[in-house]
Structure formats: structure tokens, C-alpha cells
Trainee: 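Sending over a structure as C-alpha cells; questions will come in a sec.
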Amino acid sequence: MITHKKLDNNYEYIEIKNNQAEAKIALQGAHIFHYKAKNRPALLWLSETSFFKEGKAIRGGIPICFPWFGPHKTDASLPQHGFARTALWEVVLEEELDENSSHVQLQLTSDEESLKLWEYKFDVRLDIVVSSELTVTLTVTNTDTKAFEFTSALHSYFNVSDITNVSVEGLDGSNYIDSLTDKTYIQKGSLSISEEVDRVYFDSSNSIKLHDKSNTIHLKQKGSNSLVVWNPWIEKAKKMVDMPDDGYKTMLCLETGNIGEDKIILKPKEVHLLEVIISSRL
Ligand code: TA6
């Protein structure tokens, strides 16, 4: 079942329920902010103090970073992580594939407003398939007459029992930039978290596992050679108005994207696809 809902402040979202899972997707930012497979805990972390209002990205779920990741390269006045996550997307397709699987597609195209922020014409679609797995696909098309480059990410926040319980498998041997020091290192073995982590891994495995006691979250990605691992830890969490002070203890971001040197250049009419398939298993 796919239903359109509104909060008291008219904030619009879609609710999906089928035999295998449920999900909620805000029209602003095409932002998945809830996904829960049957008999499994909610997969995506969502801040209890997140805003749900026009112009402010939800803290948690899967924000869509486009057409740039992080701060704008030359103009600090432009929104961090681009404008897609605070733009109003249009629902262009809703279908029940069967009783176990639902598909929605949301679209964002360039317009007068976006052209003031980014001078290129584009068509972006987000396809979301909700079943025992969550499949998220960002398809970018250059609808301009000139080439453009962009960076992007599916900035996924995951629920964890306790950040000190987790380890991330699939990064071994990858180069990474530590965004806190701008230094480059090579990952040795799995990654555990015991401090603020903000790293961009390059050429990591297409299959990443987030081990959390008896539960493992699996990410299978396509179209990306860069993965961000982020936990704000104590001090940064305290400074975030839309995150509880102890929120860092139960979340970890694993963000599959096209970041930094993994930027994408599209000629007119060319298309790029970025996809992640997420599931959790004991
Ligand atoms: O996840 C990587 C990152 O760029 C971090 O540096 C941190 O800024 C995070 O994104 C959250 O950004 P936001 O704009 O959502 O507060």
C-alpha cells in the first residue's frame, strides 16, 4: 500500500507498507527517513530532534547529496551537500510490483531557482524499491547542451546498538582521506569507531558489511568508487541542534557516492547511475 500523508505543518511524505517491509519518504529531498523490514529493527537512524520543515534536511535516513558533496568548492554561501536534499521532488511513479515489493520514483529537474545555484540543466530521478531489501537508485541525466561535473552521495544513516559495538568490513586495503586532518592513509582490516570519524574511502569493496553484535547490515553498491564513514562523536553531536547529545552512540553513516576525485563528468544526454542495496541479516 502506498499512501500520501502530511504532517500538521503540511510537510508531505509517502508511506509504503507491504508484506515484507515499510518505509516513509519525504517529498522534500526525496528523503527516505524510515525503512523497516518485517521482523527486523528499523534500519535507518533518525534523530529524535530532527526538523521536518521546509528548507531543512531531515537528520537521518538517506539524504541525497547533489550536485555537490560537502561544502561548495568555491562559494561557502551555497548549501552544504547541494540543493537536492531541500528541494521539493515530484512523485512520477508509484507501483506495487507484487505483495512483497513496492516501487516509487521521484524526479527533480533544473529550473530557474536551481540555475541560480548551479548553471546546468539536469534531470535526476530517485528510484526506491521497498521489499525485504531497500534499493535506492539515483539516476542523473545531463539535459544541457554542455558537459557538467557533479559529486553526490546517498548519505545513509544506520541504526546501531552502540557505536562501540560495531565494525565495518570491506574497507581493508583502501586508501582514505581523513577529512579531519586532510591526510591520506590505508585502511588495515575492519574499521571500529572510538572517536569522531569523517573519512572518504576510495575503491573500497562493492560489498560493505556493518557488523553490530548479532546483526549485520549489508550494502551492495553500483556506480560509486567512494564511500564516506562518519560519526560526529561527542563534541560535534553536542553542537548539532537536530541531534541529541548522545545521538552519536546509536548511529553510523556509510555514504556511497561519487565524492572528490570520484566526481562524475557527463556530456549532454549522458546518464550516470548510483545505486545501493541495503539489507540486514542476523
Ligand atoms: O558525512 C560527511 C559530512 O560531510 C560530515 O562532514 C558532516 O558535515 C555530515 O556530512 C553532515 O552534514 P550536514 O550538512 O547534514 O550536517
Side-chain angles (χ1 to χ4, degrees), residues 26 28-33 44-87 117-118 136 138 150-160 163 166 168 171 174 176-185 187 191 193 195-202 204 208 210 217 219 221 224-245 247-263 274 276 278:
Q28 176 177 269
H31 195 137
I32 307 164
F33 61 91
L44 303 175
W45 183 87
L46 177 64
S47 169
E48 297 150 15
T49 55
S50 175
F51 296 99
F52 282 84
K53 70 176 190 179
E54 193 181 336
K56 183 75 183 134
I58 295 168
R59 177 66 63 194
I62 307 181
I64 305 295
C65 304
F66 176 85
W68 59 83
F69 180 87
H72 186 273
K73 272 197 287 196
T74 56
D75 183 348
S77 71
L78 292 174
Q80 156 111 327
H81 291 325
F83 49 76
R85 66 175 179 166
T86 49
L117 300 171
W118 195 58
V136 184
L138 183 74
F150 68 91
T151 54
S152 64
L154 302 173
H155 191 301
S156 306
Y157 287 74
F158 293 103
N159 267 323
V160 297
I163 191 64
V166 309
V168 182
L171 303 172
S174 299
Y176 69 87
I177 296 174
D178 183 336
S179 305
L180 304 174
T181 61
D182 265 348
K183 291 202 174 101
T184 302
Y185 303 89
Q187 179 65 35
L191 171 67
I193 312 285
E195 58 185 349
E196 180 184 357
V197 169
D198 193 349
R199 302 177 180 180
V200 188
Y201 284 84
F202 293 98
S204 61
I208 300 291
L210 173 49
I217 294 173
L219 282 75
Q221 62 84 8
S224 158
N225 277 317
S226 44
L227 169 89
V228 170
V229 181
W230 177 59
N231 184 287
W233 210 246
I234 301 166
E235 291 318 313
K236 284 262 171 76
K238 277 183 190 158
K239 290 181 189 146
M240 292 161 68
V241 290
D242 56 358
M243 178 184 270
D245 288 356
Y248 73 94
K249 290 182 179 173
T250 55
M251 57 72 68
L252 183 66
C253 281
L254 297 176
E255 310 159 27
T256 48
N258 298 110
I259 297 156
E261 64 195 49
D262 185 27
K263 65 180 182 251
L274 171 67
V276 68
I278 308 168

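Both counts, for ligands and for their atoms, begin at 1 and track the order of listing. As a basis for the values below, the full set of heavy atoms in this structure was taken, side chains included, without hydrogen atoms, waters or symmetry mates. Along the sequence shown, the residues carry numbers beginning at 1.
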Trainee: Is the ring pair Tyr157/Trp45 parallel, tilted or perpendicular, if the boundaries are 30 and 60 degrees?
Mentor: parallel
Trainee: Mind checking what makes ring pair (Phe, Tyr, Trp, His ring centres under 6.0 Å) contact with Phe150, not counting sequence neighbours?
Mentor: Phe66
Trainee: Taking Thr49 for its side chain and Met243 for its backbone only, find out whether a donor-acceptor pair lies under 3.5 Å.
Mentor: yes
Trainee: Short question: side chain of Arg85, backbone of Gln80 - any donor-acceptor pair under 3.5 Å?
Mentor: yes
Trainee: Going by the side chain to side chain donor-acceptor pair (under 3.5 Å) test, which pairs reach into residues 224-236, not counting sequence neighbours?
Mentor: Glu196-Lys236, Ser226-Asp262
Trainee: Kindly tell me which protein residues have any non-hydrogen atom under 4.0 angstrom away from an atom of ligand 1, grouped by chain and ordered by number?
Mentor: Arg59, Phe69, Gln80, His81, Arg85, His155, Asp198, Val228, Trp230, Glu255
Trainee: Under the side-chain contact (heavy atoms from CB on, under 4.5 Å) test, which residues partner Thr151, sequence neighbours left out?
Mentor: Trp68, Phe69, Lys263
